[in-house]
Chemist: 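Structure below; questions to follow.
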Amino acid sequence: MALFNLTINGKSQQVDVDPNTPMLWVLRDHLDLVGTKFGCGIAQCGACTIHLDGNAVRSCQLPVSAAEGAKITTIEGLSEEGDHPVQKAWLEHDVPQCGYCQAGQIMSAAALLAQNPNPSDTDIDNAMNGNICRCGTYTRIKAAIHTASKNL
Amino acid sequence: MKTFPDKINRRSFLKVSALAGGGMILSFNWLAGCKPKELETLGMPKEWFRLNGYIKIGENGLVTIMSPNPEGGQNVKTSMPMIVAEELDADWKNVVVEQAPLDTDNFTRQFIGGSQAIRIGWNALRTAGATARNLLIQAAAQTWNVPAEEITTEPGFVLHTASGKKAHFGEMASLAATMPVPEEIPLKEISEFRIIGHSHKNVEAKNIVTGKPLFGIDYKKPGMLKAMIIHPPAHGLRLKSFDDSAAKGMPGIKAIFQIKSHQDEYERTFFDTTSFTDLVAIVGNSTWEVMNAKKAIKVEWEPFSTYEEKRDWNGRKEIRTIPGGLENEASQIQQMAEASKKARIARKDGNPETAFAKAAKVIERTFHGPFLAHNCMEPMNFFAHVQPDRIDCAGPLQKPELTEQALSARLGVPIENIYIDMTRLGGGYGRRSYAHWLIEAAVISKEMNAPIHLQYTREDDMTGGIYRPMYRATYKAALDENNNLIGFQVNAGGLVEPPLYADRFPAGAVENYLAEEWTVASNITVGSFRAPRSNFIAAAEQSFLDEVAEAAGKDPIDFRLELLKKAKENPVGERNDYDPDRYAGVLELVKSKSIWGQTPAGISRGVSAYFCHNSYAAQVVDLKIENGQVVVEKVVQAVDCGLLINPDAAKNLCEGAAVDGIGTALFGELKFVEGAPDRTNFDGYRMIRMKEVPKTIETYFVESQVDPTGLGEPAYPPVFAALANALYQATGKRFYNQPFINQLNT
């Protein structure tokens, strides 16, 4: 066990955990930020996507020891009122079905748009290919990303 | 018309109290209901008046509607309350929705399964709304001293036009709650609907996109411990012994012990399937610590011998033999081929033998479907707190009522002392009908004498059994010299269940028809999977019909329409379970919307149609092969599910079904090697991803005033065949075996 100082959603947080603990479980079990989801544990499904200094990363593969000193953003901190353009576009297109993968999808989409405000379909395919949705909401996700891109 | 039973007995009252007390629910905001914030015009009321099990109204006019069924993405948490609100004549922007707990006294069929929530709930939901509206009218009549017949409603208000009196629902709610429940209650005409048939956004969407705790995996309670299990790595193995010496001293670990989720002599009921009953349980403070300890435990397994399992399948008692042994795919395929020769006749019309003997052309094809894992994105998990006098549980469930019975039997606790809260499901697709993990969680909680949350890893989930069965079907068609279909045979079976629907199309359209089925015993557990049986047999049947149409020199849509015409005008047999007009309706609609007959240059096109779960769906898939990859340019689909409740959400569901179906048909597969699944996570099990998704999906609904039917499943099965038929046009090869990627790659 060791103490780690983390900056999550603009707030300083301290946790006392095993250094190998993935950020996914630090967020979910220790900091009560459960919007970040467990899906596969091997960086194959994208449900646990968070932002590390603005980049989309799979938090199931990010040990807490590697997250110190970085700016971490989770779905809870993407916007104060849930009104990030991506979140608004998700509501406009009524994207979710079961909803479980959507936080990860939104975090991947938000990171894409931060780096590429006008993504083509191919850009979206490449950026979103790591996020699985078993309900099959992909076409709405793509449409919502285009809408968000217009409202950045 | 029947009255809606409006009773709050002690048990349901206690359940409501338990919720309101807040003890059970921490960090959950179900009581606040859910509604996009900007739509709310009224704040929370000071007091609620309960008009029946579905409806309570605040003194300020805010209406709470309980959504009875579990929500796993079918959008029933929006559509079911919409139906209640319609008959109540509520103003939708002043409605909040709450998830009802399992409450068999106030609600019926709190299930996810068979796409039946709306179809079966339709009358009860409408009656609940209409009854409450009547109580408000009675209250207004008494208050204003005018005849009830003169009182009307407009959204959220009662009015007496002659005197100009008007009051919002909240003003009448307290008196309404004391009014007698009417014996008979008229329902609205469809032309009077203001909510049904108009698109309304998912009531939970804002909570989903902001990451609120909604799912079973998010459930927390003070003092709650985290638990995991270890189950055998292969079907055919059971726990022999384990060595936890390296694990028990690890940080955060509270206990490691063996559990038995079901007693050996346990009589299993429907949906009571478990693959493995003897498990190692690990309990600790946090998920990561428990995961690490789990890896440090050394377990020895041993093969089990053939044994017998007692079953009570909806009153049908039977003893099922579960064979021992470690199974392999090759032997399973061989066993299926053998079993197909000893099939049971499910239906026979005319004289198929003679028809085939005199046929000018006979076409015979065999189709295979592999085991499939459900792969709900939320891995299986459940919360349980077993206390001396009660059990509290919470999590994602498709069949809570059945699970409650199984839990009661296992722990010897009366059902009235079991309290189940239904969280949102991170996907179900049939998998969460088999809730052995709830029993496991409760057994662990009892042993620990503490609240626990049991969490499966993805590997536990994918290798834990209860798969879509492995299937095989052989179709045979006889054409006469004029290319008329004079004979049709299907021989279908599976390991462990058959996929046959003997009375479905083309039964009824062919004079000489034979349907046979068979099964193969196995220790691999199987269960319902989105559109059970249809998810395979539709693909086989609709691919086969495409080939028969081609052999007959007919257009595949015209060929089907011809048969449907015959089924309508001169049906063979009396048990045909589809409506030829509605079946033809979706084909006609997809034909016109896809501009059938004018395939775009460079595109290959396939069509398919199917009836299941009381609804009809047809699809046209347009694709091309680029660098060896399938590129689906477009799916056009036509669906008839009767009256539409929430059109845009219905569209979303059908779009998802098409995507899920194409993904499963192309990639879905699980094979067995010495009893063990050959893939354990998403690195091996290929799911459809953004790059493979159809570029465009167009969904059209047949305009209908028929009572609404299901939508979670019907658009899923036919797309497999529309894809196969388009792939044939693109490659010149027929695709008989799922997943199609295997054949594409060779």
Side-chain angles (χ1 to χ4, degrees), chain A residues 1 17-18 20-22 24-26 28-30 32-42 44-45 47 74-76 78-79 81-82 84 86-88 90-91 94-103 106 121 124-142, chain B residues 27 36 72-75 199 201-202 204-206 208-215 217-218 220 226 251 286-289 291-292 375-379 424-429 455 457-459 648-649 652-653 655-660 663 681-683 687-691 693-697:
Chain A
M1 305 294 257
V17 295
D18 178 287
N20 293 321
T21 310
L24 168 65
W25 298 113
V26 171
R28 292 190 55 84
D29 283 1
H30 301 276
D32 214 12
L33 291 168
V34 296
T36 305
K37 293 295 191 258
F38 168 53
C40 68
I42 58 166
Q44 291 291 316
C45 78
T74 70
I75 187 70
E76 291 91 344
L78 185 63
S79 63
E81 298 287 329
H84 185 282
V86 173
Q87 289 167 315
K88 281 164 77 174
W90 247 246
L91 295 178
D94 217 13
V95 172
Q97 288 186 30
C98 89
Y100 191 78
C101 73
Q102 299 296 347
I106 288 168
D121 278 347
I124 294 173
D125 285 351
N126 290 332
M128 302 302 291
N129 215 48
N131 290 76
I132 299 174
C133 172
R134 165 81 214 264
C135 300
T137 63
Y138 296 108
T139 47
R140 286 187 183 229
I141 288 172
K142 192 179 272 186
Chain B
S27 73
Q74 340 83 298
N75 208 29
S199 293
K201 302 274 192 204
N202 185 336
E204 203 88 87
K206 185 77 183 260
I208 291 169
V209 304
T210 51
K212 294 286 183 298
L214 299 168
F215 300 92
I217 198 172
D218 304 334
K220 290 196 177 176
K226 283 277 173 184
S286 73
T287 311
W288 181 245
E289 288 168 325
M291 270 183 181
N292 282 330
N375 296 338
C376 303
M377 292 311 296
E378 179 190 13
R424 194 174 184 86
L425 289 75
Y429 322 106
Q455 180 66 56
T457 61
R458 175 57 59 190
E459 290 81 3
D648 187 57
N652 192 355
L653 210 47
E655 289 163 3
V659 170
D660 190 14
N681 203 326
F682 295 130
D683 50 348
M687 306 283 283
I688 192 166
R689 291 171 183 268
M690 186 63 96
K691 283 182 186 176
V693 168
K695 291 185 182 165
T696 311
I697 303 176

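In this text the structure is predicted, and so the values were computed from the model without any measurement. In what follows, every chain begins at residue 1, and chains take the letters A, B, ... in the order their sequences are listed. For the numbers below, each heavy atom of this structure counts, side chains included, while hydrogens, waters and symmetry mates do not.
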Chemist: Quick one: which of B:G428, B:P379, B:S199, B:G72 has the most heavy-atom pairs under 4.5 Å with chain A, could you say?
Modeler: B:P379

Chemist: Going through the checks in order, is the side-chain contact (heavy atoms from CB on, under 4.5 Å) test met by B:W288 and A:D18?
Modeler: CA-CA 9 Å; B:W288 181 245; A:D18 178 287; 4.2 Å; yes

Chemist: Between B:T696, B:T210, B:N375, B:T287, which shows the greatest number of heavy-atom pairs under 4.5 Å with chain A?
Modeler: B:T287

Chemist: Tell me, side chain or backbone of A:V86 under 4.5 Å from chain B's heavy atoms, or both, or neither?
Modeler: neither

Chemist: Determine whether a donor-acceptor pair (N or O, by modelled atom type, separation under 3.5 Å) exists between the side chain of A:Y138 and the backbone of B:I688.
Modeler: yes

Chemist: Considering only heavy atoms, which portion of B:E289 lies under 4.5 Å from any heavy atom of chain A: side chain, backbone, both, or neither?
Modeler: side chain

Chemist: Write down the atom of A:G39, the atom of B:F682, and the distance for their closest heavy-atom approach.
Modeler: O-CE1, 4.2 Å

Chemist: Working to the nearest 0.5 Å, report the span between CD of B:Q74 and SG of A:C135.
Modeler: 9.0 Å

Chemist: If I measure from the heavy atoms of chain B, does A:E76 come under 4.5 Å with its side chain, its backbone, both, or neither?
Modeler: both

Chemist: Given side-chain contact (heavy atoms from CB on, under 4.5 Å), test A:L91 with B:K201 step by step and report yes or no.
Modeler: CA-CA 8 Å; A:L91 295 178; B:K201 302 274 192 204; 5.9 Å; no

Chemist: So, B:D648 and A:R140, do they make that salt bridge, N to O below 4.0 Å?
Modeler: yes

Chemist: Under a 4.0 Å threshold between the charged nitrogen and the carboxylate oxygen, would A:R28 count as salt-bridged to B:D218?
Modeler: yes

Chemist: What part of A:N126 gets closer than 4.5 Å to chain B, counting heavy atoms only: side chain, backbone, both or neither?
Modeler: both

Chemist: Which one wins on heavy-atom pair count under 4.5 Å against chain A: B:N75, B:L653, B:N292?
Modeler: B:L653

Chemist: When rounded to the nearest 0.5 angstrom, what distance separates NZ in B:K220 from CG in A:D32?
Modeler: 4.0 Å

Chemist: Hey, which of A:V26, A:T36, A:T137, A:N20 has the most heavy atom pairs under 4.5 Å with chain B?
Modeler: A:N20

Chemist: Please state whether the side chain, the backbone, both or neither of B:L425 comes within less than 4.5 Å of a heavy atom of chain A.
Modeler: backbone

Chemist: Go through the atoms of A:L78 and report whether side chain, backbone, both or neither lie under 4.5 Å from a heavy atom of chain B.
Modeler: neither

Chemist: Can you check whether B:D660's main-chain N or O pairs, donor with acceptor, with A:R134's side chain at less than 3.5 Å?
Modeler: no

Chemist: To the nearest 0.5 Å, how far apart are CD in A:Q87 and CD1 in B:I208?
Modeler: 12.5 Å

Chemist: Please rank A:C45, A:G82, A:P22 by heavy-atom pairs under 4.5 Å with chain B and give me the top one.
Modeler: A:P22

Chemist: In terms of heavy-atom proximity below 4.5 Å to chain A, should B:V209 be classed as side chain, backbone, both, or neither?
Modeler: both

Chemist: Of the listed residues (A:V34, A:L33, A:V17), which shares the most heavy-atom pairs with chain B below a 4.5 Å separation?
Modeler: A:V34

Chemist: Taking side chain as everything from C-beta outward and backbone as N, CA, C, O, which of these in B:M687 sits under 4.5 Å from a heavy atom of chain A? Side chain, backbone, both or neither.
Modeler: side chain

Chemist: Let me confirm one number: the CG-NZ distance from A:D121 to B:K695, rounded to the nearest 0.5 Å.
Modeler: 8.0 Å

Chemist: Picking from A:N131, A:I106, A:T139, A:I132, which has the most non-hydrogen pairs under 4.5 angstrom with chain B?
Modeler: A:I132

Chemist: Verify, without hydrogens or angle tests, whether B:R689 (side chain) and A:N129 (backbone) share a donor-acceptor contact under 3.5 angstrom.
Modeler: yes

Chemist: Between B:N202 and A:D94, is there a donor-acceptor pair closer than 3.5 Å when you use the side chain of the first and the backbone of the second?
Modeler: no

Chemist: Who wins among A:C101, A:S79, A:G35, A:G99 for the most heavy-atom pairs under 4.5 Å with chain B?
Modeler: A:G99

Chemist: Looking at B:K226, B:R458, B:M291, which makes the most heavy-atom pairs under 4.5 Å with chain A?
Modeler: B:R458

Chemist: With chain A as the partner, which of B:I217, B:V693, B:T457 has the greatest number of non-hydrogen pairs under 4.5 Å?
Modeler: B:I217

Chemist: Indicate the atoms forming the closest heavy-atom contact of A:Y100 with B:G426, along with that distance.
Modeler: CB-CA, 3.7 Å

Chemist: Rounded to the nearest 0.5 Å, how far does CD of B:Q455 lie from CZ of A:F38?
Modeler: 5.5 Å

